[in-house]
4 protein chains.
Amino acid sequence: MLRVGLIGAGRIGQVHARNIVANPRSSLAAVSDVVETAATALAGSYGAVSRTTQDILADSAIDAVLIASSTDTHADLIESASAAGKAVLCEKPIDLDLQRARKCLTATTTVGRPVMIGFNRRFDRNFSELKASFDAGEIGKGELLSITSFDPAPPPGGYIKVSGGLFRDMAIHDFDMACWIFGAVPEKVTATGSSIVDPEIGKLGDIDTAVAILHFAGGRMAVVKNSRRAVYGYDQRIELLGSEGLLSAGNILENTITKASAAGIVSAKPEYFFLERYAGAYEVEWSSFVDAVLNGNSVPVTVQDGVNALAVAEAASLSLKNGQSVAVPEAAPGVVS
Amino acid sequence: MLRVGLIGAGRIGQVHARNIVANPRSSLAAVSDVVETAATALAGSYGAVSRTTQDILADSAIDAVLIASSTDTHADLIESASAAGKAVLCEKPIDLDLQRARKCLTATTTVGRPVMIGFNRRFDRNFSELKASFDAGEIGKGELLSITSFDPAPPPGGYIKVSGGLFRDMAIHDFDMACWIFGAVPEKVTATGSSIVDPEIGKLGDIDTAVAILHFAGGRMAVVKNSRRAVYGYDQRIELLGSEGLLSAGNILENTITKASAAGIVSAKPEYFFLERYAGAYEVEWSSFVDAVLNGNSVPVTVQDGVNALAVAEAASLSLKNGQSVAVPEAAPGVVS
Amino acid sequence: MLRVGLIGAGRIGQVHARNIVANPRSSLAAVSDVVETAATALAGSYGAVSRTTQDILADSAIDAVLIASSTDTHADLIESASAAGKAVLCEKPIDLDLQRARKCLTATTTVGRPVMIGFNRRFDRNFSELKASFDAGEIGKGELLSITSFDPAPPPGGYIKVSGGLFRDMAIHDFDMACWIFGAVPEKVTATGSSIVDPEIGKLGDIDTAVAILHFAGGRMAVVKNSRRAVYGYDQRIELLGSEGLLSAGNILENTITKASAAGIVSAKPEYFFLERYAGAYEVEWSSFVDAVLNGNSVPVTVQDGVNALAVAEAASLSLKNGQSVAVPEAAPGVVS
Amino acid sequence: MLRVGLIGAGRIGQVHARNIVANPRSSLAAVSDVVETAATALAGSYGAVSRTTQDILADSAIDAVLIASSTDTHADLIESASAAGKAVLCEKPIDLDLQRARKCLTATTTVGRPVMIGFNRRFDRNFSELKASFDAGEIGKGELLSITSFDPAPPPGGYIKVSGGLFRDMAIHDFDMACWIFGAVPEKVTATGSSIVDPEIGKLGDIDTAVAILHFAGGRMAVVKNSRRAVYGYDQRIELLGSEGLLSAGNILENTITKASAAGIVSAKPEYFFLERYAGAYEVEWSSFVDAVLNGNSVPVTVQDGVNALAVAEAASLSLKNGQSVAVPEAAPGVVS
């Protein structure tokens with residue numbers, strides 16, 4: 001039984017709390033949050049207690065911490081929790097700055113405790129089935145990967161300002177998916193984009209619509225398409241063309257109802273956003289972490305993976321700016337979990 | 001917070017335990033089972049204790065009981081738990097004998113505590129969306145309802161013997177769906193069937209393939225198709241033709257992957273059986289019960305509903321035998337929740 | 001090259017004219033119609049001439065006739081054209097009266113010329129693929145066949161009066177499909193129905209919504225569902241459950257477009273009615289006839305098939321009336337092409 | 001009635017012959033081919049005669065010619081047929097050389113006779129429905145267009161050698177679609193590609209897998225993905241993301257059958273290649289041409305459109321070579337039919 005301290009009682013912290021409690025191999029010991037009442041309320045719903053983050057890290061009765069606080073606290077908390085001997089599951093990203101993330105990698109590697117980065121999509125049962133089919137050779141050699149990743153609505157300007165830009169904030173998930181599926185970091189990136197969805201985003205120097213092409217060894221390519229707005233909901237699809245076929249992962253719809261009328265056939269929209277679409281993925285992510293820690297196995301998503309995706313995002317940002325393909329230094333090690 | 005005693009620690013009891021624990025408005029206090037080690041193991045996973053059913057019913061700190069024990073204990077437990085002042089959620093059916101079920105209805109009506117019957121399908125988000133669309137008038141007046149309900153594989157002969165026959169055991173769910181959707185009990189039933197899937201079932205005097213037509217007031221009809229075997233998985237679909245359109249609820253597939261190869265386009269099968277297909281429905285069922293009890297509202301599925309479905313099943317069994325349409329006495333009250 | 005005389009220049013005659021002309025193995029020699037201007041116009045579009053039916057039958061330069069005139073002329077024209085030595089393709093039905101149809105069978109059997117009945121659905125590439133998969137054993141032994149067959153809108157009362165009733169006019173196509181797929185004529189029929197779509201139809205003594213169950217040897221069943229109104233278009237689907245799987249033939253949609261918007265995902269409706277849905281089937285039907293005649297093979301749909309379907313329709317009409325299952329005398333020979 | 005001379009009796013000429021004959025407003029007068037026996041056989045099937053191309057152009061009883069001969073003859077035949085006063089429908093492309101195509105544009109503009117280029121995909125009912133929905137404002141402002149265009153199998157090396165390269169030979173269709181849908185020629189093109197399907201193609205200096213990004217005015221983008229091999233068949237899909245939704249055009253499948261078995265749910269593959277997939281499009285293309293000519297309207301695809309698509313292909317070829325975005329001179333006029 002893994003006794004867990006949860007850092008962060010916001011909407012994603014609440015998702016994790018439920019999964020910790022419902023998993024028969026883990027229990028929720030304590031919750032902390034910068035807003036203490038939030039921590040108290042969440043802890044109370046599940047018979048746990050509210051404590052400070054410091055207390056949680058200092059308590060030897062707590063085996064693991066789940067970091068669901070704001071992005072700017074991630075790298076520090078990963079390092080201090082790891083140093084305190086806890087197993088760590090941290091929401092993505094490690095940091096918006098590639099150098100800081102690399103430092104975190106070095107620090108956690110030295111400590112040697114399990115640290116897992118929450119790239120939730122790897123645990124979506126559709127994407128993991130696609131990956132498993134591909135790895136099993138069902139479509140032969142991989143040639144052309146296509147990732148469609150559209151948000152339902154653009155975030156407010158305040159969010160954009162601290163986001164690190166579309167590639168670091170949003171496409172980073174897709175870059176991780178591409179690395180994960182091909183089992184490699186791309187050699188170079190060609191990225192294009194424009195601001196046509198929301199003029200405010202353009203004024204802030206960011207883009208809201210983008211197409212990035214990742215070039216992998218051996219001529220394999222991945223096309224990542226992003227938009228900050230798909231009014232019909234969160235559009236999350238993957239297609240992989242191989243020498244012997246095509247694997248496609250479709251959206252999860254809100255229900256399976258179709259209504260046929262004189263106006264046409266209407267079916268449900270995709271799940272609205274990540275909390276709905278990846279509800280099941282968060283559950284699997286948590287049980288994968290619990291199983292890895294309790295069984296002494298390596299975690300399925302490493303800090304190196306977090307660094308890799310950030311390095312691709314940085315290359316994409318540069319390519320967009322200078323209009324040329326940009327090399328990715330992390331391509332060399334090629335270590336992808 | 002609803003403090004719950006769970007009676008029955010088998011596979012369906014385990015599903016309910018998880019939902020009780022994960023719901024922020026309920027907690028699992030105790031578990032009982034005829035196999036004590038099963039109760040102890042399940043309780044232990046969630047920080048609850050193992051007790052006898054008698055102790056649970058006698059404990060005033062327990063607000064509600066969830067009955068997930070074998071069918072032959074249902075009616076007695078509903079009555080005793082209800083008499084002990086507990087709110088009750090009982091797995092279907094009330095009983096295999098219509099007279100016994102009617103007696104249970106009388107007894108619980110007298111006591112007046114909330115008693116809900118676990119017709120899980122009403123809480124499947126596809127079927128509840130279909131019902132909501134229909135009730136909102138989106139396809140006009142209902143005319144012809146079609147329910148496809150196939151199990152993945154026939155049960156063993158031992159199960160068939162105590163099942164009450166295909167109509168009471170399996171189709172009863174579909175009969176409840178038809179009553180629920182049309183908001184009425186059918187006036188008469190025309191049922192046909194044969195044993196072509198498994199000769200052993202035929203030898204036991206039961207059928208494994210059936211078509212029942214329910215005749216509702218005003219000429220509306222419902223066709224229920226059942227088979228004990230669909231090798232591709234649990235096939236659970238509903239179609240409702242109305243004056244202004246058709247509503248269809250499809251299966252939930254194991255994933256959204258399609259693989260296109262020289263052999264064709266392959267997609268995933270339906271969820272294998274009820275534990276997988278109705279996992280979400282059990283969760284909603286539980287939270288509907290919790291909300292009704294804590295908020296003092298009436299429960300969404302009543303003992304009367306349980307009696308209605310059984311009455312339709314009895315009429316179907318008779319129609320199959322005598323080759324003629326058979327009237328349903330419960331049609332008169334017409335009370336469907 | 002088959003030289004063809006076309007009898008009937010209405011909308012279905014026009015479909016056939018185009019197929020005769022476009023087929024490189026047949027040519028359109030002449031067209032007749034009770035409305036001479038219609039015959040002249042149609043013939044003119046394709047470089048053919050307008051003539052009387054008598055002239056066409058008497059002309060030895062004409063090898064085959066296609067009968068697309070009104071139902072009440074079919075049996076007589078089949079017999080006279082056949083007697084004149086022509087190969088015949090006649091639109092369904094042979095006649096509305098079973099005795100008349102049986103006489104036509106005897107007459108044409110004596111003459112021995114090729115006579116094919118236009119059960120167009122057998123040539124729909126979806127249904128023929130379903131049949132081929134089933135015959136190849138892909139789903140094992142057939143158990144439960146389901147046919148959904150809804151028209152887009154009820155016909156006018158004038159049509160209903162001369163139609164012979166829903167079973168003879170509309171369901172006859174589905175009865176033929178069931179016989180064709182199972183390769184047998186059902187032993188008995190249980191039919192139910194009501195008039196809930198259009199009160200005028202009820203006043204004329206007919207039904208507009210029906211469910212018929214066909215009982216085949218060995219316990220196999222077929223459920224045929226009919227409605228005179230599906231406002232979203234012509235709904236023509238077949239499902240066949242077998243011991244090793246399920247074959248389903250879906251509708252052909254007007255196009256493959258989906259539009260995702262805040263209102264949901266909208267896709268196209270089924271092809272509106274038989275002229276659109278079965279456009280391809282009519283083309284294949286014609287080329288099957290041409291190939292059979294020119295190659296000296298037997299035709300794929302015989303007069304016996306036309307008699308069989310009518311016999312099932314008659315049994316269904318009787319079952320609806322007397323509330324009991326009705327035996328089908330044609331089941332004995334069991335000759336289905 | 002349009003009297004037509006067909007130049008070219010190969011497989012695509014045979015498709016056109018059938019459509020000319022089946023259309024009630026056109027008739028097939030004569031067929032020519034470099035292989036005279038091919039012309040004679042095709043003409044014979046439809047009651048037409050075999051003649052030389054010169055005879056056809058010289059015959060004043062022939063109103064229009066359809067050019068379905070080899071690519072290197074197109075520009076000359078367009079000019080000579082046009083000069084001879086014929087209305088012309090010519091298969092794409094005008095020529096592989098952009099300068100030659102521009103000269104043909106000038107020449108035919110001077111003559112002023114109707115000349116239509118056979119970009120068949122514009123007449124596919126799925127794509128034309130997508131275009132119509134978009135033009136009707138159903139998804140608001142267009143933002144990101146995605147075209148998937150994969151051939152079933154790579155052509156032989158001999159074909160590759162004379163093809164002009166993937167962009168001029170294959171992607172040119174997709175470039176025309178993008179121009180047509182956005183009603184504009186892109187300002188610049190960023191193209192990438194590799195040879196990973198067939199090493200022989202790489203040795204010939206061509207690519208077999210490509211991603212091209214077309215940049216339109218106002219920040220709109222189109223992504224064109226091409227592969228010379230999709231073993232499951234011809235993959236032809238379009239998606240258009242707009243400010244108010246997403247329009248998607250799916251593949252046309254060989255049939256609507258699904259087979260559910262223990263191995264999964266199998267459905268049919270896309271139509272194998274262009275002759276099957278665009279059979280309906282060729283028919284509509286022809287009737288559009290006939291209607292335009294007989295009614296004195298302008299043709300729906302002009303020689304300018306042929307030049308535009310070729311100009312985009314040339315820019316893509318250059319971008320692939322030099323690794324930078326390349327401007328398209330034709331963007332200025334912006335005249336797209």
Side-chain angles (χ1 to χ4, degrees), chain A residues 133 139-146 148 150 188-199 202 207-233 235 237 239 241-248 251 269-270 319 322-325, chain D residues 139-146 148 150 188-199 202 207-233 235 237 239 241-248 251 264 269-270 319 322-325:
Chain A
S133 291
I139 57 157
K141 192 167 59 76
E143 294 167 350
L144 180 56
L145 177 68
S146 303
T148 298
F150 301 159
K188 54 178 185 145
V189 180
T190 309
T192 66
S194 56
S195 173
I196 46 179
V197 166
D198 183 350
I207 54 175
D208 48 40
T209 305
V211 180
I213 304 171
L214 314 188
H215 307 267
F216 290 86
R220 293 170 299 168
M221 292 185 283
V223 187
V224 174
K225 295 186 297 174
N226 292 111
S227 170
R228 286 286 190 185
R229 180 185 58 203
V231 297
Y232 52 90
D235 197 340
R237 288 172 289 148
E239 286 189 10
L241 178 67
S243 53
E244 296 169 27
L246 179 87
L247 286 167
S248 308
N251 284 313
K269 292 184 287 185
S319 172
N322 71 17
Q324 289 176 330
S325 300
Chain D
I139 57 157
K141 192 168 60 77
E143 294 166 352
L144 180 56
L145 177 68
S146 303
T148 298
F150 301 159
K188 55 179 183 143
V189 180
T190 309
T192 66
S194 56
S195 173
I196 47 179
V197 165
D198 184 349
I207 54 175
D208 47 40
T209 305
V211 181
I213 304 171
L214 314 188
H215 307 267
F216 290 85
R220 293 171 299 165
M221 292 185 284
V223 187
V224 174
K225 296 186 298 172
N226 293 112
S227 170
R228 285 287 191 185
R229 179 185 60 202
V231 298
Y232 51 92
D235 197 340
R237 288 172 289 149
E239 286 189 11
L241 178 68
S243 54
E244 296 169 26
L246 179 87
L247 287 167
S248 308
N251 283 313
K269 293 185 285 185
S319 172
N322 71 16
Q324 289 176 330
S325 299

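A, B, ... follow the sequence lines: proteins, then strands. Residue 1 opens every chain. Just so you know, these numbers use all the heavy atoms, side chains as well, and skip hydrogens, waters and symmetry mates.
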Exercise: identify the closest heavy-atom pair between D:Ser194 and A:Gly219: OG-O, 2.7 Å
Quick one: list whatever passes salt bridge (Lys or Arg N to Asp or Glu O under 4.0 Å) with D:Asp235, sequence neighbours left out. D:Arg237
Of the listed residues ([options]), which shares the most heavy-atom pairs with chain D below a 4.5 Å separation?
options                                : result
A:Thr192, A:Val197, A:Thr190, A:Thr148 : A:Thr192
A:Arg220, A:Glu239, A:Met221           : A:Met221
A:Gly323, A:Gly245, A:Ser243, A:Ala230 : A:Ser243

Under 4.5 Å to a heavy atom of chain A? For D:Ala210 that would be backbone
Backbone N/O of A:Ser146 and side chain of D:Lys225: donor-acceptor pair under 3.5 Å: no
Could you check if a side-chain atom of D:Val211 sits within less than 4.5 angstrom of a side-chain atom of A:Leu144, using non-hydrogen atoms only? yes
Which atoms of A:Leu241 are under 4.5 Å from chain D, going by heavy atoms: the side chain, the backbone, both sets, or neither? side chain
Contact origin within A:Leu246 toward chain D - heavy atom pairs under 4.5 Å: both
